[in-house]
Amino acid sequence: MKNLMRKEIKLSASSTSFIFILFSAMAMVPGYPILVGAFFVCFGVFQSFQNACMNNDILYTVLLPVKKTDAVRAKYGFTILIQMISFLLTVILTILRMTVLADAAPYTHNAMMNANQFFLAGNLLVFALFNWLFLGGFFKTAYKCGKPFLLFAIGSFVLIALAETLHHIQGLEFLNDTDTMGDSRQWLFLAVALVVYILVSALSCKASIKRFAAVDL
């Protein structure tokens, strides 16, 4: 697995996957649906899969002296690596907004989603959706990228729209608060989203291994 992960990073990955991690910085942009940053991070990973399909990377990998199941785990491992690097950067920037910049006018008068624990939870849910719809869909054939990504794109923008709508509903205004370090409700959202991300990613990987085992390359 270690060597396969090295192959994913050095040979299979598109440079776009790493460059698009910078979209995590959208957490600092006021007056914009900042959760879209998570979508673009996933779009960068999609570019690596598209590149892999064009270069017959999957076929090359299974011809190596490795387990077929490890080829799936390596793709999931690479995807999760990119997502977690992005998430770590987003966490740092979000903490900056919740502390040092909590009272900054562009954020306190922001009609769009603010960066807080609820926003971080949204990032994890977008990533979970990608791992379920795109990765799970891709390994049904191991060469079709377009349809699974389209399904993810539709699902993610529905999720983003819902997240942007909730804090406008009476009683849920706290979801858009800027100073939320001591808000237990916000931390609960984040904890639940983290559990969902781990479970969905694990179950998707398990299902993809079974699907890929049945694919005739």
Side-chain angles (χ1 to χ4, degrees), residues 13-50 78-135 149-169 172-181 183 186-187 189-194 196-197 200-201:
S14 166
S15 59
T16 307
S17 295
F18 301 103
I19 294 171
F20 274 35
I21 290 174
L22 297 176
F23 276 99
S24 303
M26 290 180 70
M28 302 300 293
V29 181
Y32 191 85
I34 54 177
L35 202 51
V36 172
F39 169 82
F40 280 115
V41 171
C42 293
F43 181 69
V45 176
F46 163 72
Q47 293 295 320
S48 285
F49 276 80
Q50 196 171 45
F78 170 74
T79 299
I80 291 171
L81 174 66
I82 296 295
Q83 290 173 344
M84 288 300 98
I85 293 173
S86 167
F87 186 68
L88 178 60
L89 178 58
T90 304
V91 167
I92 293 171
L93 296 175
T94 299
I95 290 175
L96 178 63
R97 278 188 59 168
M98 291 192 300
T99 54
V100 179
L101 301 174
D103 297 322
Y107 301 135
T108 55
H109 298 91
N110 183 21
M112 307 299 286
M113 175 183 284
N114 274 314
N116 52 28
Q117 297 95 322
F118 182 68
F119 162 65
L120 293 176
N123 275 263
L124 289 174
L125 293 180
V126 171
F127 291 155
L129 204 61
F130 181 81
N131 297 348
W132 175 38
L133 292 178
F134 176 74
L135 293 183
F149 187 77
L150 178 61
L151 291 175
F152 160 70
I154 294 170
S156 63
F157 278 103
V158 169
L159 177 61
I160 292 169
L162 178 62
E164 285 286 354
T165 301
L166 286 177
H167 64 87
H168 293 288
I169 298 174
L172 297 179
E173 296 89 352
F174 73 93
L175 294 176
N176 213 38
D177 289 347
T178 54
D179 186 4
T180 58
M181 291 297 289
D183 192 332
Q186 291 271 3
W187 289 111
F189 275 116
L190 180 56
V192 170
L194 180 59
V196 170
Y197 173 78
V200 168
S201 299

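Residues: numbered from 1 along the sequence shown. Model, not experiment: these values are computed from the prediction.
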From CZ (F87) to CG (N123), nearest 0.5 Å: 6.5 Å
Inter-residue atom distance L135.CG - F46.CZ, 0.5 Å rounding: 12.0 Å
L194 vs L120, side chain to side chain contact (heavy atoms under 4.5 Å, CB included): CA-CA, chis, key distance, verdict: CA-CA 9 Å; L194 180 59; L120 293 176; over 6 Å; no
Heavy-atom pair with the smallest gap, counting every atom of A163 and L35: CB-CD2, 3.9 Å
Set of residues satisfying side chain to side chain contact (heavy atoms under 4.5 Å, CB included) with respect to F157, sequence neighbours excluded: V36, F39, I160
Using a 3.5 Å cut-off and no angle test, enumerate the donor-acceptor pairs between side-chain atoms of residues 125-132 and protein atoms at least two apart in sequence or in another chain.
| from | atom 1 | to | atom 2 | distance (Å) |
| --- | --- | --- | --- | --- |
| N131 | OD1 | Q83 | NE2 | 3.0 |
| N131 | ND2 | Q83 | OE1 | 3.3 |
| N131 | ND2 | S201 | OG | 2.9 |

Sequence neighbours excluded - side-chain hydrogen bond (donor to acceptor under 3.5 Å, both in side chains) pairs with any residue from residues 33-50: S17-S48
Rounded distance [0.5 Å steps], CD1 in I19 versus CG in L22: 8.0 Å
Sequence neighbours excluded - side-chain hydrogen bond (donor to acceptor under 3.5 Å, both in side chains) pairs with any residue from residues 26-40: none
Partners passing ring-ring contact (aromatic ring centres under 6.0 Å, His included) against F23 (at least two apart in sequence or in another chain): F20, F40
Enumerate, atom names and distances included, each donor-acceptor pair closer than 3.5 Å involving a side-chain atom of residues 90-102, sequence neighbours excluded.
| from | atom 1 | to | atom 2 | distance (Å) |
| --- | --- | --- | --- | --- |
| T90 | OG1 | S86 | O | 2.8 |
| T94 | OG1 | T90 | O | 2.7 |
| R97 | NH1 | A27 | O | 2.5 |
| R97 | NH2 | N114 | OD1 | 2.7 |
| T99 | OG1 | I95 | O | 2.6 |

Residues that L166 engages under side chain to side chain contact (heavy atoms under 4.5 Å, CB included), provided they are two or more places apart: F118, L162, I169, L172, L175
Pair F152 and F149, ring centroids less than 6.0 Å apart: yes
Contacts of T180 that satisfy side chain to side chain donor-acceptor pair (under 3.5 Å) - sequence neighbours left out: Q117
Minimal non-hydrogen separation, S156 against A153, with atom names: OG-O, 3.0 Å
For S14, side chain to side chain donor-acceptor pair (under 3.5 Å) partners two or more places apart: T16
Side chain to side chain contact (heavy atoms under 4.5 Å, CB included) partners of M112, counting only residues at least two apart: P33, N110, E164
Closest heavy-atom pair and its distance - L133, L151: CD1-O, 3.7 Å
Inter-residue atom distance I82.CD1 - I21.CD1, 0.5 Å rounding: 4.0 Å
Nearest-0.5 Å distance that lies between atom CG in L89 and atom CE in M84: 12.5 Å
Residues which pass side chain to side chain donor-acceptor pair (under 3.5 Å) with D177, listed by chain and number, not counting sequence neighbours: none
